[in-house]
Amino acid sequence: MTSVAPVILLAAEKESAEVTDWAARVGWVVGLGLFVALVYWLMREGWKWRGTLQSDLPALPSRPSPTTTLNGGGKPPLPGMPDSPGRAKLTMSGRYHGSTTAGQWLDRIVAHGLGTRSRVELTLTDAGLDVVRPGAADFFVPVAALREARLDKGIAGKVLTEGGLLVVTWAHGDKLIDSGFRSDHAAEHNEWVDTLNDMINKTETEGAR
């Protein structure tokens with residue numbers, strides 16, 4: 001009989017320990033959930049604050065078409081923009097990785113949806129660069145606003161392999177913007193850089209005459 005009491009006591013202690021461990025686990029999970037929610041809230045507030053700071057950025061230009069020109073009965077075209085976009089020089093399917101202030105790869109621009117990463121379809125014509133983003137705002141960069149194209153490895157906090165990113169620098173309002181794209185076929189990047197820079201140099205040369 002004397003040996004039964006310690007066994008009962010040991011079983012009771014074990015059951016108590018299991019209950020204590022379970023309560024601690026629930027508390028840990030709840031605490032982690034609250035921490036994640038706090039981090040998410042802070043990120044969202046930071047995103048909104050950044051958008052407020054960038055509220056002076058003009059609305060993004062849309063692609064030219066017969067319905068957006070005076071001849072088509074629509075709004076006046078952007079200065080220097082032809083009545084139609086012309087034939088496609090290059091097309092690309094891939095991903096849009098974000099936009100930043102030119103030369104500052106961590107200074108993300110979020111106004112007008114430019115901070116939203118998404119799939120992208122790029123089309124380059126004589127009129128400029130057409131950026132179509134499923135699930136996000138499309139935009140158009142007139143050829144006169146294009147400034148530079150280069151290969152890079154990072155933008156808006158996203159880091160890829162060396163040369164794995166096509167970065168296009170363009171002017172919008174009084175701001176220079178870097179926008180980063182990655183093709184589904186990275187070998188296309190070099191052709192895009194060469195073609196874009198040739199167009200930019202040609203436009204600058206014609207503008208200087």
Side-chain angles (χ1 to χ4, degrees), residues 43 47 50 54 57 59-66 68 78 80-172 175-206:
M43 290 175 61
W47 190 279
R50 182 175 287 270
Q54 298 167 356
L57 193 70
L60 299 176
S62 57
R63 70 183 65 86
S65 72
T68 57
L78 295 170
M81 184 176 287
D83 287 346
S84 63
R87 67 177 183 85
K89 291 177 174 288
L90 291 173
T91 60
M92 176 196 293
S93 296
R95 292 202 64 83
Y96 169 80
H97 284 290
S99 294
T100 66
T101 301
Q104 302 180 40
W105 76 286
L106 290 176
D107 187 17
R108 182 194 295 267
I109 295 175
V110 303
H112 307 303
L114 287 175
T116 304
R117 291 184 175 133
S118 63
R119 290 290 301 174
V120 72
E121 298 288 336
L122 294 183
T123 303
L124 182 65
T125 69
D126 288 330
L129 181 65
D130 192 15
V131 183
V132 177
R133 300 189 297 154
D138 301 341
F139 61 95
F140 185 83
V141 183
V143 64
L146 293 169
R147 294 293 181 267
E148 180 191 16
R150 69 180 188 275
L151 296 182
D152 214 321
K153 65 178 181 180
I155 194 166
K158 180 70 174 181
V159 179
L160 302 170
T161 58
E162 188 68 43
L165 200 66
L166 169 66
V167 176
V168 178
T169 304
W170 52 290
H172 186 48
K175 195 176 189 68
L176 282 180
I177 297 173
D178 281 345
S179 293
F181 309 92
R182 179 172 175 80
S183 172
D184 291 335
H185 307 285
E188 296 178 338
H189 289 172
N190 287 321
E191 183 180 10
W192 274 82
V193 169
D194 293 341
T195 304
L196 277 164
N197 285 327
D198 284 346
M199 286 182 63
I200 292 166
N201 292 334
K202 181 180 178 182
T203 301
E204 291 177 347
T205 300
E206 291 176 348

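No side-chain donor-acceptor contact under 3.5 Å links Asp178 to the backbone of Gln104. A donor-acceptor contact shorter than 3.5 Å is absent between the side chain of Arg182 and the backbone of Leu160.
In terms of the side-chain contact (heavy atoms from CB on, under 4.5 Å) criterion, residue partners of Ala171 (sequence neighbours excluded) are, by chain and number, Arg147, Leu176. Applying the side chain to side chain donor-acceptor pair (under 3.5 Å) criterion to Lys89, with sequence neighbours excluded, gives Asp126. In this view, Arg117 satisfies the side chain to side chain donor-acceptor pair (under 3.5 Å) rule with no residue, not counting sequence neighbours. Scored by the side-chain contact (heavy atoms from CB on, under 4.5 Å) test, Arg95 finds His97, Arg119 as partners (sequence neighbours excluded). In this structure, the side chain to side chain donor-acceptor pair (under 3.5 Å) partners of Glu121, at least two apart in sequence or on a different chain, are Ser93.
The distance from atom NZ of Lys175 to atom CD1 of Ile109, rounded to the nearest 0.5 Å, is 5.0 Å. The CG atom of Leu196 sits 9.0 Å away from the CG atom of Leu122 when rounded to the nearest 0.5 Å. Here the straight-line distance linking atom CG of Leu151 with atom OG1 of Thr161 works out to 10.0 Å at 0.5 Å rounding. Thr100 contributes atom OG1, which lies 10.0 Å from atom CH2 of Trp105 (distance to the nearest 0.5 angstrom). The distance from the CG atom of Leu165 to the NZ atom of Lys158 is 10.0 Å, given to the nearest 0.5 Å.
Of all heavy-atom pairs between Ile177 and Ser99, the closest is CG2-CB, 3.8 Å. Nearest heavy-atom pair across Arg150 and Thr169 is NH1-OG1, 3.4 Å. Nearest heavy-atom pair, Arg108 versus Ala156, reported as atom, atom and distance to 0.1 Å: NH2-O, 2.8 Å.
Between Leu129 and Trp170 the shortest side-chain heavy-atom distance does not fall below 4.5 Å. The side-chain heavy atoms of Arg133 and Thr116, taken from C-beta on, include a pair separated by under 4.5 Å.
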Under 3.5 Å, which donor-acceptor pairs link side chains of residues 185-194 to any protein atom two or more places apart or in another chain?
unit_1, atom_1, unit_2, atom_2, d
Glu188, OE1, Ser183, OG, 2.7
His189, NE2, Ser183, N, 3.0

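Phe139 and Tyr96 have perpendicular rings, their planes meeting at more than 60° on a 0 to 90° scale where under 30° would count as parallel.
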